[in-house]
Amino acid sequence: MTKMINLKINDIPVTVEEGATILDAAKKANFKVPTLCNHSDLCVAGNCRVCVVEQVGARNLQASCAVPAAEGMEILTSSAKVRRARKNIIELLLSEHRTDCTKCYKNGKCELQDLATEYAVGDNIYIDLVPFNDYSVDLSSPSIMKDDSKCIRCQRCVRTCAEMQQVAAIAVANKGSEQKISTFFDKPMANVVCTNCGQCIIRCPTGALVERNSIDEVFDAIYDPDKHVVVQTAPAVRIALGEDLDFEPGERVTGKLVTSLKLLGFDSVLDTDFTADLTIMEEGTELLTRLKKALVDGDKDVALPMTTSCSPGWIKFIEHKFPQLLSNVSTCKSPQQMFGALAKTYYAQKRNIDPSKIVSVSIMPCTAKKYEANRPEMRDSGYKDVDYVLTTRELARMIKQAGIDFKSLEDNNYDSIMGVSTGAAVIFGATGGVMEAAIRTAYEIVTGKEVPFKNLNITPVRGMEGVKEASVKIEGCVEDWKFLEGVELKVAIAHGLVNANNVLQAVKNGKADYHFIEIMACPGGCLGGGGQPIPTSLEIRNKRTAAIYEEDMNMPFRKSHENPEIKLIYEDFLGEPLGHKSHELLHTHYTEREAY
Amino acid sequence: MSEKIKKVDNIFSKDCNCKDILAKTLKKDKDSFIQELIDSGLKGRGGAGFPTGLKWKFAKMAEGDEKFVICNADEGEPGTFKDRVILQEVPQKVLGGMALCGHIIGAKKGFIYLRGEYAWMKQDLQKAIDEMHDAFKTMKLDFFIDIRMGSGAYVCGEETALIESMEGKRGEPRNKPPFPASIGFRGKPTVVNNVETLVYTLMIAHIGAPEFKSLGTADSAGSKVFSISGDTPIPGVYELELGMKLSDFVEEFGDGDTKAVQVGGASGFCVPRRKFNDTVIGFEGIPTGGSMMLFNSHRSMYNVLHNYLDFFVEESCGQCTPCRVGCQQLLKGIEAVKSKERDSSYLNELIKLSETMHTASKCGLGQSVANSFNSIVEEFTEEIMY
């Protein structure tokens, strides 16, 4: 049984479990203690000191986020001593922070600004330190903008990058007044191991780390009468966009999303889910082909396990950290890039539009997608396949700018072609979703039967465990796939790059006998992506996950190969999975990169 | 030397064989030796003054499959240089103290965390260690000592920052609790003691608690090694009885024109002439890790404070807000007052700020900036303003 600790917060008795912090106890007693460096996803830092409280009898104030509650403690969360220290600390933070708030991208969404408002720190006591420092804004990355003059050194980004992602592209450099969050040898963000996942952005309390936004460019394209602007929306956008537009986490807003995009003036509102289904066809076939080569042809060179390739943060991670395993990665482009390549070929043909006039925009829960769209190899249509990538947050901002009352919008359906999708596609947004979608289809191709799970819900691959393992025994194969009879298909799913790293390490050391691995760079999968509404927490990610699976259950088709538009594109344009045209447009290659 | 100041010859005395002392003490009951240490009233000589016997007791009681002893030789406090002399003159005593601590708490491995600037003594120290290792073998004592080099950061003298640094990380203080005695180096129970403290533990084993306590006062038992510098005709390292009056000290070491003494280095207190008579050097008065800097009337106390603040601005590890930004504000603040960009009343704001730094900083570095700042600003306000 857990030991219970009794203490008093502002004279109110409260009991907490051993190990709980003073901050936890204060919450339990219904007192709010402000925090900045603290984040539920990260280890305790205790460095901003905003959360200091007074422990009666102790010489110094205590950082409530870092100090465990102890028996008999008497804590004051708002004594004269606490108030003055807290106000001083907020003033100190403001003195080293470029306070051009009204011009800041995070204006109104800044935790430091909130604290300044709450404590009415308008006194401006201290000397502005910003002019004494040689700050520069790093615009080198197509995904992330880093502005050191806004940084308050809370190190949430550093902890995120190291603990959750095991990338450590950004770390603390120097000491004292020179201390800053920097990269290897202070190189530009574009030239280091940064995977562009944006997990730092969604945990940065200020405007020091924000996405590179393309809002103006997209509006310009929409307003250009010569351009035909198509937009695709990723699976995880529809279950999170509402959070930036007065909905609660976990509320699905798919129909309103479509309507708002039409109101914004996009010429065609299409769905990345369509190419998610296409990915299943291509990637599933690729997996079965690799298995056949290995099991039937005895080809020793075939790279197994095969890993997914939809997460551009994950792709850049493996390019930097495990380049020797690049042949294990599926050659399939991500759904975004498949869509981009098809928008300016297949879609252009079908709709009889000059592809040079098409502007292809995507709405993504992701900042790494911005980098992906800018990869030089992503021009197989003869043009830049995806012109602009907007995050969920940027879209919410556009909707607000356009004066659209999102809450009152009617629902609408996606346009066609390339707008029809299945439940298998929407679950791409959750960790385990690609795996589940792949198994739903591959199992049926191989055995002619549906997967033996109730309502097609393959629950062992779902959930928030960092690394999930599952296996499916393949029985009753149809003639073409007899070689798989009795094979136990072993799969693994990792989300968050720290987990990806662990799985990859096992593969590298020959200690993993999986056939197929799904990897997503972000915790929870795309629904926890770096382009999603802020804040994030496990609780919020769980609510988004539930919404994704609801969305799946409500779709008329639940298996990618049943998507009528998928059947159509193979008949009319692509021929067959892994066919000539597919190779040309839907598959790609990877690049070994430096480890720092 | 006047009679009011008692010079002691304990730390540097060569008329004892520390191997014999160690061998003899190894045979004694561990708990009774810890009790002896507690009875002796020995407090940490690095500056913070935590009772050494208690620290050992906690580490002995702590559960761990492995424990460590770390000798803190990261002597970085401005004006302190006594550990350097101890390590040069009587390294065996330091190593003996480490071994004794290892034996008592159950550690088989000790480290000397040597200040980066002391790299030149590493060879001699290693020679002394090798010699001691042979002695350990003879005594059948399973203890091994290694040197780890610091890299020049002042904050690494703080024990948890020191441990972080030894683990190969940035030298940044940890959140406390837990303290190193329960979770220290590599997460194992660890005693971190100053060079001088370790020597005194061995000397207490040699002479016993009563004799140790016969010197000093109730709160400040025994003697202490001082690093005396500044405007003095006789700078150097001296072992003196604790509890002396500052006026007596100045009489002995001053140049006849002493206007202030900085007790305890940059993180210590500045005592002006008018308070010399009422100031006791020790834990009941003003404690010091050993640094005593004398300033005569030719010195500008603004320059002295500016120098300290410059030092802290650079040497703050930078992780916590009050220390990182506070130090910069104090420095820029006195500059602004001096140049008349700010009114003299701004000094009051700065004193309030230093109090916030004192109560809210994460470690002793930020907490103690207020000591020198407040004492200099309050006692020498005119020198700061004009």
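Convention: sequence-line order gives letters A, B, ...; per-chain numbering from 1. Predicted, not measured: the structure shown is a model, and the values here were computed from it.
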Verdict with reasoning, A:Glu91 to B:Glu349, per side-chain contact (heavy atoms from CB on, under 4.5 Å): CA-CA 12 Å; A:Glu91 280 164 339; B:Glu349 287 299 340; over 6 Å; no
Is it the side chain or the backbone of A:Val44 that comes within 4.5 Å of chain B heavy atoms, both, or neither? both
The interface call for B:Arg342 against chain A, heavy-atom contacts under 4.5 Å, is side chain
Of B:Cys323, B:Pro322, B:Ser361, which is the lone residue that meets side chain to side chain contact (heavy atoms under 4.5 Å, CB included) with A:Arg49? B:Pro322
Interatomic spacing from OG in B:Ser316 to CD in A:Glu178 - rounded to 0.5 Å: 11.5 Å
So, for A:Ser95 and B:Gln329, which heavy atoms are closest and what is the spacing to 0.1 Å? OG-NE2, 2.8 Å
Here's a test for you: under side chain to side chain contact (heavy atoms under 4.5 Å, CB included), which of B:Arg324, B:Glu314, B:Gln328 qualifies with A:Ser177? B:Gln328
Answer yes or no: is there a side-chain heavy-atom contact under 4.5 Å between A:Ile89 and B:Thr356? yes
Taking NZ, NE, NH1 and NH2 as the nitrogens, is one of them in B:Glu355 or A:Lys81 under 4.0 Å from a carboxylate oxygen of the other? no
Rounding to 0.5 Å, atoms OG1 (B:Thr359) and CG (A:Asn60) come to a distance of 6.5 Å
4.5 Å side-chain heavy-atom contact, A:Leu129 and B:Val325: yes
Given that the side chain runs from C-beta out, which part of B:Cys317 has a heavy atom under 4.5 Å from chain A: side chain, backbone, both or neither? backbone
Inspect the surroundings of NZ in A:Lys106 and state if more than 12 heavy atoms from other residues, nucleotides or ligands are less than 6.0 Å away. yes
Heavy-atom cut-off 4.5 Å, strictly under: side chain, backbone, both or neither for B:Tyr346 against chain A? side chain
With only heavy atoms counted, which part of A:Val172 is less than 4.5 Å from chain B, the side chain, the backbone, both or neither? both
Heavy-atom closest contact (A:Val67 atom, B:Pro177 atom, distance): CG1-CD, 4.4 Å
What is the distance from atom OH of A:Tyr126 to atom CG of B:Leu330, rounded to the nearest 0.5 Å? 8.5 Å
Spacing of A:Leu36 atom CG and B:Thr321 atom OG1 [to the nearest 0.5 Å]: 8.0 Å
With a 4.5 angstrom heavy-atom cut-off, which part of A:Ala58 approaches chain B: side chain, backbone, both or neither? neither
Just give me the residue among A:Cys37, A:Ala66, A:Cys48 that pairs up with chain B most often, heavy atom to heavy atom, under 4.5 Å. A:Cys48
Given a strict heavy-atom distance threshold of 4.5 Å, which part of A:Ile152 is in contact with chain B: side chain, backbone, both, or neither? backbone
Counting neighbours of OH on A:Tyr135 that are heavy atoms of other residues, nucleotides or ligands and sit closer than 6.0 Å, is the number greater than 12? yes
Looking at B:Glu63, I want to see if its CD is surrounded by more than 12 non-hydrogen atoms of other residues, nucleotides or ligands under 6.0 Å. no
May I ask you to test the B:Leu353-A:Leu92 pair for a side-chain heavy-atom distance under 4.5 Å? yes
A:Lys3, NZ: over 12 other non-hydrogen atoms inside 6.0 angstrom: no
All heavy atoms of A:Lys175 vs all of B:Ala153, minimum pair found to be CE-CB, 4.0 Å
Quick check for you: among A:Leu61, A:Val52, A:Ile127, which has the greatest number of heavy-atom pairs under 4.5 Å with chain B? A:Ile127
Non-hydrogen atoms of chain A under 4.5 Å away: do they reach the side chain of B:Ala360, the backbone, both or neither? both
Close side-chain approach of B:Glu172 and A:Gln155, heavy atoms under 4.5 Å: yes
Between B:Gln367 and chain A, with a heavy-atom cut-off of 4.5 Å, which part of the residue counts as in contact: side chain, backbone, both or neither? side chain
